[in-house]
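Take a look at the structure set out below.
Here the structure is a predicted model, which means the values were calculated and not measured.
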Amino acid sequence: MESIPAYYDALAPDYDQSRFGNAYGQFIHQQERQALAKLLRDTPSSEVLDLACGTGRLIEFAETGCDLSPKMIAEARQKFPTKTLVVGEATQLPFEDGAFSAIFSMHFFMHLDHTATQAVLAEVHRVLRPGGRLVFDFPSEKRRRFTHGHHNQHWHGSNALTKTKVLELSKHPWQITASQGVVFFPIHRVPATLRPYLLPLDTILCRSFLQEYASYVLVCMQKT
């Protein structure tokens with residue numbers, strides 16, 4: 001089975017264009033960016049870590065980025081030379097206790113099994129200050145049960161969760177302070193020219209009581 005670093009090292013040179021340079025990628029990017037802009041609006045970027053930052057797609061919200069793939073970090077350094085970008089393992093972060101007020105991590109927890117999820121949540125808890133927040137997304141278990149989707153047991157995208165299960169997995173106390181869905185409609189089946197027009201309605205549904213039936217669930221958890 002291919003490792004996560006090797007997988008993303010191979011993708012690094014074309015990652016931005018192949019994943020987020022098309023209408024589907026931009027649909028996801030806009031929803032995620034809107035959510036982060038709202039949730040992190042009162043937190044200085046100097047106090048924020050982008051965990052699994054990749055090539056820096058959302059690094060505007062943070063001054064520090066960390067990723068396991070050396071080649072993804074190399075791409076990010078070329079684009080954002082003033083940012084602090086380091087290669088590091090999410091279960092052994094190269095930062096001191098209480099180093100950050102907020103941490104966000106997009107499209108990362110989807111790759112972890114439950115044991116790894118516990119380890120990452122514990123490490124994030126360590127490097128957050130008291131009252132600090134973690135913002136991250138994960139594939140929705142409720143959506144997959146409803147659609148009978150994704151039966152692949154490979155690490156790529158296999159870790160579907162619910163908000164309740166996330167709290168159960170953590171060894172430390174957290175409080176979920178905000179949540180929303182990401183991508184409610186099966187947008188990959190909609191013609192690319194129509195996707196931008198669906199974004200406002202999709203976002204409304206993702207923020208409604210139906211949010212856990214979106215493709216991904218994004219949560220903001222506060223360290224308590």
Side-chain angles (χ1 to χ4, degrees), residues 2 4-40 45 48-83 85 87 90 103-112 135-140 143 149-150 152 154-160 180-203 205-207 211 214-220:
E2 187 176 24
I4 296 177
Y7 177 84
Y8 280 105
D9 276 349
L11 286 178
D14 303 311
Y15 182 80
D16 291 341
Q17 183 59 35
S18 65
R19 294 299 176 88
F20 296 98
N22 52 54
Y24 178 74
Q26 281 299 303
F27 194 98
I28 295 174
H29 176 74
Q30 290 302 320
Q31 281 192 334
E32 292 174 341
R33 191 181 180 282
Q34 289 172 11
L36 289 177
K38 180 180 179 180
L39 293 168
L40 299 175
S45 61
V48 181
L49 169 66
D50 182 352
L51 178 60
C53 65
T55 60
R57 177 173 65 91
L58 296 165
I59 198 70
E60 66 184 279
F61 297 104
E63 287 301 316
T64 305
C66 181
D67 198 278
L68 189 60
S69 163
K71 291 189 177 179
M72 295 289 267
I73 286 291
E75 292 288 331
R77 283 174 178 157
Q78 287 187 349
K79 295 191 297 178
F80 306 101
T82 63
K83 301 288 186 178
L85 300 164
V87 177
I103 296 173
F104 67 88
S105 187
M106 307 307 296
H107 298 287
F108 172 55
F109 281 77
M110 64 189 284
H111 298 316
L112 310 177
V135 180
F136 69 106
D137 70 328
F138 49 85
S140 170
R143 168 70 166 248
H150 196 87
N152 185 6
H154 189 270
W155 57 261
H156 190 275
S158 291
N159 190 20
Q180 70 168 74
V182 177
V183 187
F184 190 87
F185 293 118
I187 206 67
H188 58 288
R189 298 178 181 173
V190 176
T193 54
L194 298 179
R195 291 171 187 172
Y197 300 103
L198 277 178
L199 182 60
L201 178 57
D202 194 282
T203 301
L205 291 171
C206 282
R207 293 175 179 174
Q211 61 182 246
S215 295
Y216 300 91
V217 178
L218 183 151
V219 297
C220 178

Quick one: closest heavy-atom pair of [X] and [Y], and the distance?
X    : Y    : result
L68  : V87  : O-CG1, 3.8 Å
A214 : G181 : CB-CA, 3.7 Å
T193 : Y197 : O-CE1, 3.3 Å
V217 : S140 : CG2-CB, 3.8 Å
A192 : P196 : O-CD, 3.4 Å

Flag side-chain contact, heavy atom, 4.5 Å: [X] against [Y]:
X    : Y    : value
L205 : F185 : yes
T55  : Q78  : no
L39  : F104 : no
L218 : Q211 : no
R19  : R57  : no
R33  : F61  : yes

Flag yes if more than 12 heavy atoms outside K79 fall under 6.0 Å of its NZ atom; otherwise flag no.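 Enclosed.
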Taking the inter-plane angle between the rings of F136 and F109 on a 0 to 90° scale, is it parallel (under 30°), tilted (30 to 60°) or perpendicular (over 60°)?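 Judged by the thresholds at 30° and 60°, the geometry between F136 and F109 is tilted.
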Keeping the roles fixed (side chain from [X], backbone from [Y]), state whether a donor-acceptor pair exists under 3.5 Å.
X    : Y    : value
R195 : V190 : yes
Q26  : F20  : yes
S105 : A52  : no

Would you give the length of the straight line joining atom [atom1] of [X] to atom [atom2] of [Y], rounded to the nearest 0.5 angstrom?
X    : Y    : atom1 : atom2 : result
I187 : L194 : CD1   : CG    : 8.5 Å
S69  : D9   : OG    : CG    : 3.5 Å
Q31  : S215 : CD    : OG    : 9.5 Å
Q180 : Q34  : CD    : CD    : 8.0 Å
L198 : T203 : CG    : OG1   : 10.0 Å
R77  : T82  : CZ    : OG1   : 13.0 Å

Y8 and H111 side chains, donor-acceptor separation under 3.5 Å: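 Side-chain D/A pair, H111 to Y8: present.
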Audit row: C53, I73, side-chain contact (heavy atoms from CB on, under 4.5 Å) steps and yes/no: CA-CA 8 Å; C53 65; I73 286 291; 3.7 Å; yes
Carefully, step by step, assess E75 and D16 under the rule side-chain contact (heavy atoms from CB on, under 4.5 Å). CA-CA 10 Å; E75 292 288 331; D16 291 341; 5.9 Å; no
Carefully, step by step, assess F27 and V183 under the rule side-chain contact (heavy atoms from CB on, under 4.5 Å). CA-CA 8 Å; F27 194 98; V183 187; 4.2 Å; yes
Please determine whether side-chain contact (heavy atoms from CB on, under 4.5 Å) holds for the pair H107 and D137, giving the CA-CA distance in whole Å, both sets of side-chain angles, and the decisive distance to 0.1 Å. CA-CA 6 Å; H107 298 287; D137 70 328; 3.7 Å; yes
Salt bridge (Lys or Arg N to Asp or Glu O under 4.0 Å) assessment of D50 paired with K83: CA-CA 11 Å; D50 182 352; K83 301 288 186 178; over 6 Å; no
